[in-house]
Amino acid sequence: MISVLKYGEVENSRIFSRMVPEQDVSSIVREIINDVSENGDAALFRYEEQFDKVRLNSLEVSKEEMLEARGSIAPGLYEVIKEAAGNIREFHSHQLNNGFILDKPEGIVTGQRVLPIEKVGIYVPGGTAAYPSTVLMNAIPANIAGCSEIIMVTPPGKDGKISPALLAAAEIAGVSRVFKIGGAQAVAALAYGTGSVPKVDKIVGPGNVFVAEAKRQVFGRVAIDMIAGPSEILIVADGTCNPAYVAADLLSQAEHDRNASAVLITDSSELAFNVSDELEKQLSELEREEIARVSIDVNGKIIITDDIDTAIEIANEIAPEHLELCMDDPFAYLGKVKNAGSVFLGKYCPEALGDYFCGANHTLPTGGTARFSSPLSVEDFVKRTQYTYYTREAFSRDAEKIGIFASAEGLTGHGKSALIRVNKKTESGETK
């Protein structure tokens, strides 16, 4: 049963579990990465047989398999995925930044270009589960950014196939190529490249502890999005809320993972205990009851505060992945929210909207990192290059200042590279 506590009975830092994986997989992952970097495709085929229990003839999904997926997807699902993709595309298109140019009249031009990262890799969990929403959330921003190649990796099922829903989402989202590989070996293949799998410049997407550790280890060779932890939801609700709604939203995250954290903060004791009762009722009806019950019993909490303002202060300190403001006038409090991955406003805006359909991204900072990190966006798939141009006359006005600055830092070579252009020699090498 979930813990119901008055504010002050638990430290804010302990409201969310912030659990770390019990298993240290760093050495195992290092061996896999080294193997893939040295042996390429041969290692990938071997690991797919070892870990996913499937013997593959080819690592890449064929065009025929892509066409077959379109025809075998569940009725109605293709259109829903397509509509969700449209919402995601609309939301993320507003994140495009075209850079700037400063053209000064004294002969100076400076500016910044925003360029797409050329090749990106997207990891999508697969095998026994399929998450087409993950494909959309990762691939569509990359597509909008203009990445020339979007490479998707996902573990196959025991039949050697990829879920039709995943392949349909990949087609809709603009994925270039799909490979039937998962785990740390897939991350290694993207980071180093193999005979079949192209080397990418950045790897994004969620995965298990092996995937997370592999991303950590290849960072620097390639860029990564983030190291995501267990899912989190924090609901701030007042006494007017329907306890059944609140309980359902808590369970929507608890069913993800035994280590997930689901927390309610409210100024109403009545709501607190009604939600506790409702959780027990709804847990017994949940397909993933076993997983959700561990999450709720171990990591779940209901905190009773004196007022909603205090609840918002706690939320800002925790910096949750998902924050619901479940009340009639949530916009009155939105301006007070400083730290949260994604905020859901009102009584009819469950976090599940963000997971699938509303258009905002569901790849979010966890573990309190919303204090300094942001949701996945188009900006994650671009790089910025700055440039500078000076005419001879403009440079002559500033050369001495550069020399003064360089001298102060003890870098006389820097100063000379400026002063030589105005005091020593002309471009032709003649003494002035």
Side-chain angles (χ1 to χ4, degrees), residues 89-122 138-151 174 176 190-193 198-204 215-226 338 361 363 365 369 371-432:
R89 191 169 282 109
E90 179 184 25
F91 182 92
H92 288 78
S93 66
H94 291 281
Q95 298 171 344
L96 278 169
N97 185 337
N98 295 319
F100 61 87
I101 181 170
L102 300 175
D103 192 351
K104 299 181 180 181
E106 58 267 32
I108 300 171
V109 180
T110 57
Q112 179 173 277
R113 299 175 67 205
V114 179
L115 305 170
I117 295 173
E118 291 187 22
K119 296 181 180 181
V120 297
I122 295 173
N138 286 272
I140 289 175
N143 186 267
I144 291 172
C147 300
S148 59
E149 283 193 70
I150 303 172
I151 309 301
S176 309
L190 291 171
Y192 286 87
K199 179 185 182 300
V200 302
D201 303 306
K202 186 167 187 174
I203 301 172
V204 302
K215 286 170 68 177
R216 191 192 310 275
Q217 290 191 22
V218 300
F219 175 65
R221 173 171 288 274
V222 294
I224 62 171
D225 52 349
M226 63 184 76
K338 306 300 181 186
N361 209 286
T363 303
T369 59
R371 292 177 293 110
F372 51 80
S373 298
S374 307
L376 191 76
S377 72
V378 171
E379 293 183 354
D380 285 287
F381 297 98
V382 298
K383 57 189 177 181
R384 295 162 185 82
T385 299
Q386 57 192 32
Y387 58 89
T388 303
Y389 169 78
Y390 271 57
T391 62
R392 183 177 182 180
E393 291 74 16
F395 184 77
S396 296
R397 290 191 295 268
D398 290 341
E400 188 175 348
K401 300 167 191 173
I402 297 167
I404 291 170
F405 220 139
S407 179
E409 295 190 348
L411 299 173
T412 55
H414 283 62
K416 184 177 180 180
S417 75
L419 297 174
I420 197 171
R421 285 171 162 79
V422 294
N423 295 332
K424 300 297 183 182
K425 294 183 178 181
T426 64
E427 292 178 355
S428 65
E430 297 174 352
T431 303
K432 290 182 70 174

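Note that the numbering runs from 1 along the sequence shown for the chain. Just so it is clear, the structure is predicted and the values come from calculations on it, not from any experiment.
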Student: Using every non-hydrogen atom in the two residues, find where Pro116 and Ala145 come nearest and quote the distance to one decimal.
Tutor: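 Of all heavy-atom pairs spanning Pro116 and Ala145, the closest is CB-O, 3.2 Å.
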Student: Roughly how far, to the nearest 0.5 Å, is CD1 of Ile151 from CD1 of Ile203?
Tutor: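 Those atoms lie 11.5 Å apart.
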Student: To check you understand the geometry: which heavy-atom pair defines the closest contact between Gly174 and Ile150, and what is its length?
Tutor: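 It is O-CD1, 3.7 Å.
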Student: Got Val204 and Ile122 here, is their nearest side-chain heavy-atom distance under 4.5 Å?
Tutor: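 Yes - at least one pair of side-chain heavy atoms lies under 4.5 Å apart.
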Student: Taking the side chain as C-beta and beyond, is there a heavy-atom pair between Arg397 and Glu106 under 4.5 Å?
Tutor: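 Yes, side chains in contact.
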Student: Supply the atom-to-atom distance Phe381 CZ to Ile117 CD1, rounded to the nearest 0.5 angstrom.
Tutor: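 If I round to the nearest 0.5 Å, the distance is 7.5 Å.
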Student: Supply the atom-to-atom distance Arg113 CZ to Ile101 CD1, rounded to the nearest 0.5 angstrom.
Tutor: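 Interatomic distance, Arg113 CZ to Ile101 CD1, rounded to 0.5 Å: 11.0 Å.
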Student: Closest heavy-atom contact between Pro365 and Pro375?
Tutor: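 Closest approach of Pro365 to Pro375: CD-N, 4.0 Å.
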Student: Look up atom OG1 in Thr412 and atom CG in Leu419, then write down how far apart they are to the nearest 0.5 Å.
Tutor: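 Between atom OG1 of Thr412 and atom CG of Leu419 there are 10.5 Å.
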Student: What are the two closest heavy atoms between Ala406 and His414, and how far apart are they?
Tutor: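 Scanning both residues completely, I find the closest heavy atoms to be CB-CB, 3.8 Å.
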Student: Taking all heavy atoms of Ala394 and all of Ile108, pick out the closest pair and write down the distance.
Tutor: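 Looking at all heavy atoms of both residues, the closest pair is CB-CG1, 3.8 Å.
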Student: For the atom pair NZ (Lys202) and CD (Glu118), what is the distance rounded to the nearest 0.5 Å?
Tutor: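 The NZ atom of Lys202 sits 15.0 Å away from the CD atom of Glu118.
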Student: Can you measure from OG1 (Thr363) to CG (Asp380) and round to the nearest 0.5 angstrom?
Tutor: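 Answer for the OG1-CG pair, Thr363 versus Asp380, is 9.0 Å.
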